[in-house]
Amino acid sequence: MSTSAPARDAYAPPPSGSPQTSAAARRQKWRSRLWRFDDKASPYAYIAPFFLVFGAFGLYPLLYTGWIALHRVEMTGLDQMQWVGWANFDRILHDAEFWTAVGNTFLIGVMSTVPQLLVALGLAHLLNYRLRASTFFRTIILTPYATSVASAALVFALVFRADGGLLNWLLHFIGLGHTNWANGHWTSKIAISVIVIWRWTGYNTLIYLAAMQAVPTDLYEAASIDGASRWQQFRKVTVPSLRPTILFTIVISTIGSMQLFGEPLLLEGGTLGATGGNENQYETLSVYLYNYGWNLGHLGPAAAVAWAMLALLLIIAAINWLIGRFVRKSAV
Amino acid sequence: MTMTSPTHAPGLTTRPAAAPPAPRRRFRPGAGQQLKGGPFAYLALIAVGIGSILPLYWTLVAASHTQDEVLASTPPFLPGGRLVHNLEAAWNQAHLGKAIVNSVIVSGCITAATLFFCTLAGYAFAKMRFRGRGGLMTAVIATLTIPPQLSVVPLFMMMSKIGWGGNLESVIFPTLVSAFGVFFMRQYLLEALPYELIEAAKLDGANNLRIVRSVVLPAARPAMMVLGMLTFVQAWNDFFWPYLALNQQNPTLQVALGQLSASYTPDQSIVMAGALISTLPLLVVFVIFGKQIVGGIMSGAVKG
């Protein structure tokens with residue numbers, strides 16, 4: 001790295017005439033070419049690591065998954081691949097458990113995302129007031145974010161336990177019955193949604209709060225001059241201004257709920273966790289994939305599940321897009 | 001910031017001196033955003049705050065009693081005296097010592113690499129002109145939407161083929177960079193790094209690497225702090241891929257925790273002791289840097 005010659009020399013007009021200076025001119029020219037190469041290549045060099053790592057450990061495996069899905073590969077012999085065509089897809093698409101997992105993923109996704117985002121919106125609205133200790137509240141609300149899926153799932157497993165669970169003790173204490181949370185179809189989904197809501201509400205609250213603080217004050221002024229109440233201001237000014245942010249959080253939460261793994265796996269732990277309960281009542285697609293690939297050792301069907309997840313993701317994206325278009329159209 | 005006077009304190013703000021509420025009230029300009037929160041706001045936030053902390057408190061309580069006490073018909077509500085015993089038991093049952101070392105290595109490597117690569121890429125996307133910049137940035141953001149589930153099967157096979165199966169490399173390398181990090185650094189540098197500074201360095205004859213070292217890195221430091229903490233939290237807490245990639249003898253803390261609870265008859269108090277060990281370091285980080293982390297999440301989100 002040479003910094004001895006000031007750069008502006010490179011742009012100075014080459015002194016023509018005497019032979020000694022022509023050597024200097026050539027050196028100048030070479031230097032300026034080097035300079036231009038540095039300018040052209042550096043940006044690519046700086047972004048290259050991202051694309052190299054993503055290509056090697058993200059994109060390539062993603063495409064390779066499709067190839068593996070057409071083969072028989074067992075955990076016991078990873079280097080033996082045997083062509084089976086669509087058999088893996090056939091197998092999972094005719095498996096009732098797969099469709100249960102699809103339904104569970106969808107239901108738990110809705111049950112955790114909708115309340116979570118609504119509560120986050122309300123909390124952000126409260127935090128947008130002038131408050132004492134508002135930094136303290138923001139930090140406290142975010143603490144669950146510092147907890148891992150594993151510890152959160154395990155402590156909630158204890159809370160939702162059928163025998164000696166904290167929640168059942170509370171219900172008993174106020175005179176309500178006793179529930180076997182993990183066993184029920186709805187109650188187990190509620191339990192998992194609670195874990196998700198607990199961990200992510202604070203995070204979404206902060207995202208909404210940031211967007212709220214960016215809403216221009218004039219809008220509120222105009223609204224209040226027109227006599228809008230607080231609630232009207234919230235509905236007619238805050239929420240529309242937040243629409244892009246809300247869409248963003250919906251997309252992120254949807255993708256997140258497609259991935260739910262630790263919460264169902266650890267709700268009961270052991271073999272029940274790996275199959276999402278005794279009737280697969282809380283088995284998500286990720287757990288199904290794990291069970292096929294890592295518990296039963298059949299990687300071909302597991303890869304097929306991954307592609308089914310991709311298809312579902314694309315369908316959700318299309319629905320999202322259609323709804324977005326519909327909302328825009330009807331808003332005009 | 002507008003002063004709020006009792007006469008226009010509506011809705012959630014109830015002040016004793018307020019005039020009797022009229023059905024429709026006109027607000028002074030600027031009343032929208034900066035109104036003081038009333039008791040309802042405080043009550044709601046305190047309730048949510050307690051809800052946020054309670055499960056963590058329950059982890060501590062459960063980790064400091066015997067399992068029988070925790071699961072008794074009337075559970076304990078204050079921490080007991082068995083904490084050390086349970087921590088020792090968790091430590092011995094689940095390779096927790098090794099798991100802590102592994103978690104530190106994994107999170108440390110991922111954080112360092114993410115900071116380095118994301119700052120470089122963020123700088124390039126924010127301040128350098130090159131062909132395909134817009135398209136490539138869109139590609140970076142698009143990768144955010146791909147769940148890891150879609151590539152774990154071949155990733156597992158690849159790792160075992162190159163001899164990283166069950167090793168920490170298999171967890172570290174796929175996460176060396178993050179799309180969020182690139183985006184985050186770009187957003188920050190767009191505003192925090194004026195073009196004049198780069199131009200001045202160029203006029204002084206600095207090449208690009210030197211500009212990065214002496215202009216970009218100092219300007220990026222506050223954002224790097226935040227990104228570093230966010231990345232560390234995420235790497236420390238990551239569960240899905242490490243659980244599939246690592247084995248019982250060589251786990252990270254989260255994997256060890258998962259295995260502890262998956263054992264045949266797990267003792268819940270010991271499991272909670274393990275959960276406490278895995279959460280405590282991050283809680284300490286949060287107590288110290290909470291404000292910065294909050295600010296970081298908000299600054300990363302606002303222009304999303």
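Quantities reported herein were computed from a predicted structural model and do not represent experimental measurements. Note that these values count all heavy atoms, side chains included, but never hydrogens, waters or copies made by symmetry.
Between chain A and the residues B:V233, B:V271, B:T143, B:V152, the largest count of heavy-atom pairs under 4.5 Å involves B:T143. The most heavy-atom pairs under 4.5 Å with chain A, out of B:L56, B:L257, B:I146, come from B:L257. Ranking A:L142, A:L123, A:V73, A:L219 against chain B, the residue ahead of the rest is A:L142, based on heavy-atom pairs under 4.5 Å. Heavy-atom pairs under 4.5 Å with chain B were tallied for A:L209, A:N168, A:T271, A:V155; the largest tally goes to A:V155. By number of non-hydrogen pairs under 4.5 angstrom with chain B, the leading residue of A:T201, A:T254, A:I141 is A:I141. With chain A as the partner, the residue from B:G290, B:P147, B:P55, B:A44 showing the most heavy-atom pairs under 4.5 Å is B:P55. Between chain B and the residues A:T135, A:T147, A:V149, the most heavy-atom pairs under 4.5 angstrom are made by A:T147. Among B:L176, B:V140, B:L276, the residue making the largest number of heavy-atom pairs under 4.5 Å with chain A is B:V140. Note: A:L166 leads A:V159, A:L127, A:L265, A:L166 in heavy-atom pairs under 4.5 Å with chain B. Contacts with chain A were tallied for B:L282, B:L150, B:T279; B:L150 has the most, counting heavy-atom pairs under 4.5 Å. With respect to chain B, the highest number of heavy-atom pairs below 4.5 Å among A:Y64, A:W169, A:F234 belongs to A:W169. Options B:F286, B:F173, B:F117, B:W236 differ in how many heavy-atom pairs under 4.5 Å they form with chain A, and the most are formed by B:F286.
Contacts between B:A113 and chain A at a heavy-atom distance below 4.5 Å are absent for every atom of the residue. Residue contact with chain A, scored on non-hydrogen atoms closer than 4.5 Å, involves the side chain of B:Y123 exclusively. Interface remark: B:V70 contributes backbone and side-chain atoms alike to the contact with chain A (heavy atom separation under 4.5 Å). The part of B:S160 that comes within reach of chain A is its side chain, from C-beta onward, which places non-hydrogen atoms under 4.5 angstrom from that chain. There is no contact between B:I50 and chain A, counting heavy-atom distances below 4.5 Å. With a 4.5 Å cut-off on non-hydrogen atoms, B:F232 does not touch chain A at all. The contact between B:S178 and chain A is made entirely by backbone atoms, counting heavy-atom distances below 4.5 Å. In this structure, the portion of A:L313 lying under 4.5 Å from any heavy atom of chain B is its side chain and not its backbone. With a 4.5 angstrom heavy-atom cutoff, B:S278 touches chain A only via side-chain atoms. Interface residue A:I68: only side-chain heavy atoms are found under 4.5 Å from chain B. For chain A, the nearby part of B:F239 is the side chain; its heavy atoms alone come within less than 4.5 Å. Neither the backbone nor the side chain of A:A317 comes within contact range of chain B, judged by heavy atoms closer than 4.5 Å. The parts of A:F50 that come within reach of chain B are both its backbone and its side chain, each placing non-hydrogen atoms under 4.5 angstrom from that chain. Of the atoms belonging to A:R132, heavy atoms from both backbone and side chain fall under 4.5 Å from chain B.
Heavy atoms from other residues, nucleotides or ligands lying under 6.0 Å from CZ of B:F77 number more than 12. By the 6.0 Å contact criterion, CD on B:Q234 is open, its count of non-hydrogen atoms from other residues, nucleotides or ligands being 12 or less. Around CZ of A:F136, the count of heavy atoms belonging to other residues, nucleotides or ligands within 6.0 Å does not exceed 12. Atom CZ of B:F116 sits in a sparse spot, with 12 or fewer heavy atoms from other residues, nucleotides or ligands closer than 6.0 Å.
You'll find the side chain of A:L158 reaches within 4.5 Å of the side chain of B:L71, heavy atoms only. Side-chain contact between B:M272 and B:W58 is absent, with no heavy atoms from C-beta onward closer than 4.5 Å.
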Quiz prompt | Pair A:E263-A:R199, side chain to side chain contact (heavy atoms under 4.5 Å, CB included): steps then yes or no | solution = CA-CA 11 Å; A:E263 294 90 343; A:R199 274 190 76 219; 4.1 Å; yes
Quiz item: Which is it for B:F156 and A:W294 under the ring-ring contact (aromatic ring centres under 6.0 Å, His included) test, yes or no, and what are the steps along the way?
Solution: CA-CA 10 Å; B:F156 188 81; A:W294 275 259; 5.2 Å; yes
Can you give the donor-acceptor pairs under 3.5 Å from side chains of residues 41-49 of chain A to other protein atoms, not counting sequence neighbours?
from  : atom 1 : to     : atom 2 : distance (Å)
A:S42 : OG     : A:D38  : O      : 2.6
A:S42 : OG     : A:D38  : OD1    : 2.8
A:S42 : OG     : B:N208 : ND2    : 3.2
A:Y44 : OH     : B:R131 : N      : 3.2
A:Y44 : OH     : B:R131 : O      : 2.8

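Between the NZ atom in B:K161 and the CE atom in B:M158 there is a gap of 9.5 Å [rounded to 0.5 Å]. A:I252 CD1 to A:T245 OG1: the interatomic distance, rounded to the nearest 0.5 Å, is 12.0 Å.
Between A:A153 and A:G262 the shortest heavy-atom distance is CB-O, 3.9 Å. The shortest heavy-atom contact between A:V237 and A:A223 is CG2-CB, 3.9 Å. B:M298 and A:A210 make their closest contact through O-CB, 3.3 Å (heavy atoms, listed as atom of the first residue, atom of the second, distance).
Remark: B:P174 engages A:F57, B:L155, B:M159, B:W241 in a side-chain contact (heavy atoms from CB on, under 4.5 Å) (not counting sequence neighbours).
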